[in-house]
Amino acid sequence: MAVDPLIELRDVNKYYGKLHVLQDINLTVGKGEVVVVIGPSGSGKSTLCRTINRLETIQSGAIALDGQPLPEEGRALATLRADVGMVFQSFNLFAHKTVLQNVSLAPVKVRGRKKDDAERRSRELLDRVGLATQADKYPAQLSGGQQQRVAIARALAMEPKVMLFDEPTSALDPEMINEVLEVMQGLARDGMTMVVVTHEMGFARSAANRVVFMADGRIVEDRAPEDFFGNPESDRAKDFLSKILKH
Amino acid sequence: MDVLTDNFSTFGKGFVGTVELTVYASILALVLGFVMASFRVAPVGSFRAFGTAWVTVLRNTPLTLLFFAVLLGLPRFGLVLPFKVFAVIALGCYTSAFICEALRSGINTVPRGQGEAARSLGMTFGQTLSTVVLPQAFRSVIPPVGSTLIALAKNSAIAGAFSVTELLGTYKTLSELGYNIIWTFVWIAVGYLIITLAISAVFNVLEKRWGVAR
């Protein structure tokens, strides 16, 4: 259905010891699509997200990005990762660098940009996520929501083809969740290809093109958000939704 | 007091010898320790195995035995160098195993996510290690590396047994000349104190400047 597939997973299997965390996963994400992955804890959704840029290795199956199969560890993999932005649950900002350095480090080191250019561009991105005034602070001096917006700016600085979000709001206070979701919604509107693992059902409804529901290492449903939330097919999804939408 | 004033040049030579051994062996140990620590956390299995073997062999060999192996063993394979250079090699390699482990424990204090974030931005293993992980690891390894280098300074005394000029060895000359052995040792101890306290001072400054803020 997607015209131009950017991420393709074919029959992907992954084990942690005996635990079969990803079972025969097939997923295609097209250019410009926003795919939200939801599901109960331990369903493998974070692992799925992390296999896409090979932070987790897989035991069988194939993953391709923009038509290219994921290479083995090494320079080729680094080159490919540069095109895949990633935002983590725990932000993972470089603790020993200022906000501005966090954003401009990879463009200088990986893309070989000039420091001045990279910093000018970084300030633009910080402005875009509403943090232009915080550029010279250290990550520990910012709130969680601010740190996560810096992390998004840092990923965007590489001009990625696709952005992966691994539970970006799960470690945040409730009042900080919206500021991060707003930035993400803006990205979705601008046509960024996104894979978002989240528990934010509101975001899934409003920004997603497709909702992927995972349970026990399998993709149980893969549908448009209005269909999924309005009329879930599987018992597992009905059960999940009844639990989280009750309150 | 006469022991010192009468034989100042003997003490001086010994002191300079120990300082030289300490400085050169420290540089070698820091460089090798850094390389081995990188090996031990590398994504390539054979590098990790080499680093582990290096640490296991050198850390578990008595230093005196290692001196014998280097000073008497290497010439048999046609490698003939001044004893002083051999002593630096033996001391440096031995200490590098401890430096490696201190650095590795520092690397392990850096949260995993820091490295993951760097790699997900497209940095290579070397860039991740040098720009993100090691600068943060460095802060927590300043105290143990300082201790290791102080131990190195004192271990350098073993080189005296292999006719390298160093501080402890001066007692032989002086006792032959009939000086009081107790006072000789006191002044030798003072010499070592100067060196080890200097190392402590340097590392205190480093810690103040770069250490983890609490």
Side-chain angles (χ1 to χ4, degrees), chain A residues 46 49-50 52-57 72-97 101-112 138-141 147-148 150-151 153-166 171, chain B residues 34 37-51 102-145 205-214:
Chain A
S46 274
C49 187
R50 289 162 58 87
I52 296 172
N53 68 354
R54 210 173 179 278
L55 284 180
E56 301 281 353
T57 53
E72 292 290 300
E73 200 72 41
R75 210 162 276 275
L77 181 63
T79 310
L80 187 134
R81 276 176 177 152
D83 290 333
V84 180
M86 178 128 191
V87 176
F88 300 86
Q89 181 176 353
S90 49
F91 329 132
N92 294 347
L93 292 179
F94 305 134
H96 62 308
K97 301 222 175 260
Q101 289 169 336
N102 261 278
V103 181
S104 61
L105 181 68
V108 172
K109 293 276 174 192
V110 179
R111 295 272 193 238
Y138 282 88
Q141 296 170 289
Q147 289 191 47
Q148 194 61 298
V150 174
R154 178 175 70 175
L156 288 175
M158 296 301 286
E159 290 163 6
K161 294 176 186 163
V162 53
M163 291 275 284
L164 308 174
F165 292 84
D166 183 7
Chain B
F34 174 81
S38 310
F39 278 15
R40 290 206 70 177
V41 297
V44 184
S46 50
F47 280 14
R48 283 201 300 274
F50 183 81
L103 284 176
R104 198 166 64 91
S105 73
I107 289 169
N108 289 340
T109 64
V110 179
R112 210 186 165 78
Q114 296 282 312
E116 284 183 351
R119 286 190 291 147
S120 75
L121 285 165
M123 291 191 206
T124 59
F125 171 74
Q127 288 174 327
T128 301
L129 204 60
S130 63
T131 62
V132 174
V133 178
L134 282 175
Q136 294 186 64
F138 175 65
R139 302 162 178 219
S140 58
V141 301
I142 295 169
V145 168
V205 171
L206 285 178
E207 203 179 340
K208 281 222 179 70
R209 178 83 177 75
W210 299 107
V212 184
R214 302 221 184 265

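When reading the values below, keep in mind they use all heavy atoms of this one structure, side chains included, and skip hydrogens, waters and symmetry mates. Chain A is the first sequence line, chain B the second, and so forth, proteins listed ahead of strands; every chain is numbered from 1.
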Nearest heavy atoms of B:T131 and A:K97, plus distance in Å
O-CE, 3.8 Å
Least distance between heavy atoms, B:P135 atom then A:H96 atom
CB-CD2, 3.6 Å
Does anything in residues 111-121 of chain B get under 4.5 Å of chain A by heavy atoms, and if so which residues?
B:G113, B:Q114, B:E116, B:A117, B:A118, B:R119, B:S120, B:L121
What part of A:F88 gets closer than 4.5 Å to chain B, counting heavy atoms only: side chain, backbone, both or neither?
side chain
Residues passing the side-chain hydrogen bond (donor to acceptor under 3.5 Å, both in side chains) test with B:S130, sequence neighbours excluded, are none
Closest non-hydrogen atom pair, B:Q136 against A:A95:
OE1-CB, 3.6 Å
Taking side chain as everything from C-beta outward and backbone as N, CA, C, O, which of these in A:L80 sits under 4.5 Å from a heavy atom of chain B? Side chain, backbone, both or neither.
neither
Answer with side chain, backbone, both or neither: which region of A:R111 has an atom nearer than 4.5 Å to a non-hydrogen atom of chain B?
neither
